[in-house]
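Chain identifiers are assigned alphabetically (A, B, ...) following the order of the sequence lines, protein sequences preceding nucleic acid strands; residue numbering begins at 1 within each chain.
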2 protein chains.
Amino acid sequence: MTNPLILKLEQRDQLSDEEKRALENAIARVRVVEADEDIVREGDRPNESSLLLDGFAARYKIVSNGRRQISALHVAGDFLDLHSFLLKTMDHGVLALTTCRIATVPHATLEKITDEFPHLTRLLWLNTLIDGAIHREWLTAMGRLSATAHMAHLICELYLRLKVVGRAEGDSVQLPITQAELGDTLGLSTVHVNRVLQELRKEGLIRFQGDALTILDWERLKKVGEFTSTYLSLQNEDR
Amino acid sequence: MTNPLILKLEQRDQLSDEEKRALENAIARVRVVEADEDIVREGDRPNESSLLLDGFAARYKIVSNGRRQISALHVAGDFLDLHSFLLKTMDHGVLALTTCRIATVPHATLEKITDEFPHLTRLLWLNTLIDGAIHREWLTAMGRLSATAHMAHLICELYLRLKVVGRAEGDSVQLPITQAELGDTLGLSTVHVNRVLQELRKEGLIRFQGDALTILDWERLKKVGEFTSTYLSLQNEDR
DNA sequence: CGCAAGATTGAACGACATCAAACTCTGTGG
DNA sequence: CCACAGAGTTTGATGTCGTTCAATCTTGCG
């Protein structure tokens, strides 16, 4: 059971043993949050950041008419609120979509890392930059792609991100996300999410029953979703 | 003429004289890019980052049917591609919307800053985190607000961001952005942008003729756009 | 003065939303 | 092991917000 954050970072650059140790030691404690509970709330000023070890979580905002927008979906190895280290006040909430195992890293420890480990600091920074790249990609998909293309795009992304942290088995991943949650992610109604998924199934691109998502035709799915993985920075290079 | 980046950072935290000097010295050269020219292209692997000293710029992506999505609008004091320091490959282009004065900061210098100035590094990191927070806000607005609310939200944000770097005169700012560009930002058609702007004018919320944008009723504009400035991290605190 | 870029208008259309109901599945208690 | 409850999925009918297309109008500028 390697720490999934280390898996994720090692996909992008070399980590020294000392850096790995510093990361492992940064974890103050591990806690479990049940599905549908808040991990961090909008307006909070946390003095620690949460690293997702297992499960699925979402960053979200509620707007006035009660509608919800999910601005990020998180999988094992993702920091849920690393940005709260410097932004201080949470401008959105983070919700557990499933039971989540969460490692807690005090901001004081992060500050120490920035003082003593410049290269590791750059990799943590990189981590937040990838989050930003994903946001931009979602903006483009939301603004300029059809609902079907947007969904295909999201599925491609989630499949790859899960694969990187060893959560894929062949062409399949466990994706315990409801259609309502997908709707809040894509900015669509639940009803339309359902129709879009049916279309992708009918086209023979995916199978999606229960939590099990299988990619049946990766090339065509990528094409439908206009997906290119550049923004995920999957290349290993000096940073 | 203070460097607008320093203005921007000083809004968020104290900067020592040494840090200010390090920032000033980081600028290798200043260049001018004319309106409608690319500043950085998608796929580029720049070895320097561009700091916008004056003018307006946009990050954008083109999707298959030729449509364009703008994922960020930038004003004086903004780094246009600070993230290329660690992401290496540009996943989007950056375009000059007006004539732009741009300071160039070599990545080698940024690396040196991360080795020698931990606190300044955190502030540069913060800078990219604010970009990310803006992305999330835009996602929420795009997914769950009406076109009119979304436009009102964008106007509130741009007004505040310009004000921070001393580009506002009272309730007015110069905003040399066409309705087509606004459409690409909001994910709307030009026609609809026009109608939405008319509605905001008719409601007495803004005046917008030529480049001159005036906020006529800040409180009501904020309300229409469901705007709260938390995500811009305008508080000065230790980071 | 004349042109080109941008803004504005109107009419028809379409993608997705909304509403309301039925269906399926899984877990639970009797 | 059956009934039932509740969450999630699916379906159909209708409504609407924003798009598209095609002009026309305005404005800044050489």
Do the charged groups of B:Glu157 and B:Arg161 touch, with an N to O distance under 4.0 Å? yes
With a 4.0 Å cut-off (strictly under) to non-hydrogen atoms of chain B, the first and last hit nts on DNA chain D, 5' to 3', are D:dG18 to D:dC21
Of all pairs that satisfy ring pair (Phe, Tyr, Trp, His ring centres under 6.0 Å), the ones with a partner from residues 156-194 of chain B, not counting sequence neighbours: B:Tyr159-B:Trp218
Between B:Asp184 and A:Arg144, does any NZ, NE, NH1 or NH2 come within less than 4.0 Å of an OD or OE carboxylate oxygen? yes
Enclosure of B:Gln198 CD (heavy-atom neighbours >12, cutoff 6.0 Å): yes
Short N/O separations, protein against nucleotides 18-21 of chain C, under 3.5 angstrom:
| residue | atom | partner | partner atom | Å |
| --- | --- | --- | --- | --- |
| C:dT18 | OP1 | A:Arg67 | NH1 | 3.0 |

Answer yes when B:Arg167 and B:Asp54 have at least one side-chain N-carboxylate O distance shorter than 4.0 Å, and no when they do not. yes
List in chain and number order the residues that pass salt bridge (charged side-chain N to carboxylate O under 4.0 Å, His left out) with A:Glu10, two or more places apart in sequence or in another chain; answer none if no residue qualifies. A:Lys20
What is the separation between atom CD on A:Gln198 and atom P on C:dA15, rounded to the nearest whole Å? 17 Å
Look at A:Arg41 together with A:Asp38 and state whether they make a salt bridge at an N to O cut-off of under 4.0 Å. yes
What pairs of residues pass the ring pair (Phe, Tyr, Trp, His ring centres under 6.0 Å) test when at least one of them lies in residues 40-73 of chain A, not counting sequence neighbours? none
Give one of base, sugar-phosphate or nothing for B:Leu197, where a contact means two heavy atoms less than 4.0 Å apart. nothing
Report the distance from atom CZ of B:Phe208 to atom C1' of C:dT8, rounded to the nearest whole Å. 15 Å
Side chains of A:Ser64 and B:Glu226: is there a donor and an acceptor less than 3.5 Å apart? yes
With B:Glu181 via salt bridge (charged side-chain N to carboxylate O under 4.0 Å, His left out) - residues at least two apart: none
Ordered by number, residues from residues 174-187 of chain B within less than 4.0 Å of DNA chain C (heavy atoms) are B:Thr178, B:Gln179
Need the bend value for the helix from C:dC1-D:dG30 to C:dG30-D:dC1: angle between end axes, 5 pairs each end, nearest 10°. 30°
What is the distance, to the nearest angstrom, from the CE atom on A:Met151 to the P atom on C:dC16? 11 Å
Let me know the distance between CG of B:Leu200 and C1' of C:dT8, rounded to the nearest Å. 16 Å
A:Asp131: salt bridge (charged side-chain N to carboxylate O under 4.0 Å, His left out) partners, not counting sequence neighbours: A:Arg59
For A:His150 and C:dA15, what is the distance between atoms NE2 and P respectively, to the nearest whole Å? 18 Å
Taking any heavy-atom pair under 4.0 Å as a contact, classify B:Arg144: base, sugar-phosphate, or nothing. nothing
Please determine whether a side-chain nitrogen or oxygen atom of B:Asn194 lies at a distance below 4.0 Å from atom OP1 or OP2 of C:dT8. yes
N or O in side chain of A:Gln209 less than 4.0 angstrom from C:dT24 OP1/OP2: no
Suppose we screen for ring pair (Phe, Tyr, Trp, His ring centres under 6.0 Å). Which residues come up paired with A:Phe227, at least two apart in sequence or across chains? A:His153, A:Tyr231
For A:Lys8, give me all partners under salt bridge (charged side-chain N to carboxylate O under 4.0 Å, His left out), at least two apart in sequence or on another chain. A:Asp78
Using the test ring pair (Phe, Tyr, Trp, His ring centres under 6.0 Å), find all partners of B:His92 that sit at least two apart in sequence or belong to another chain. B:His83
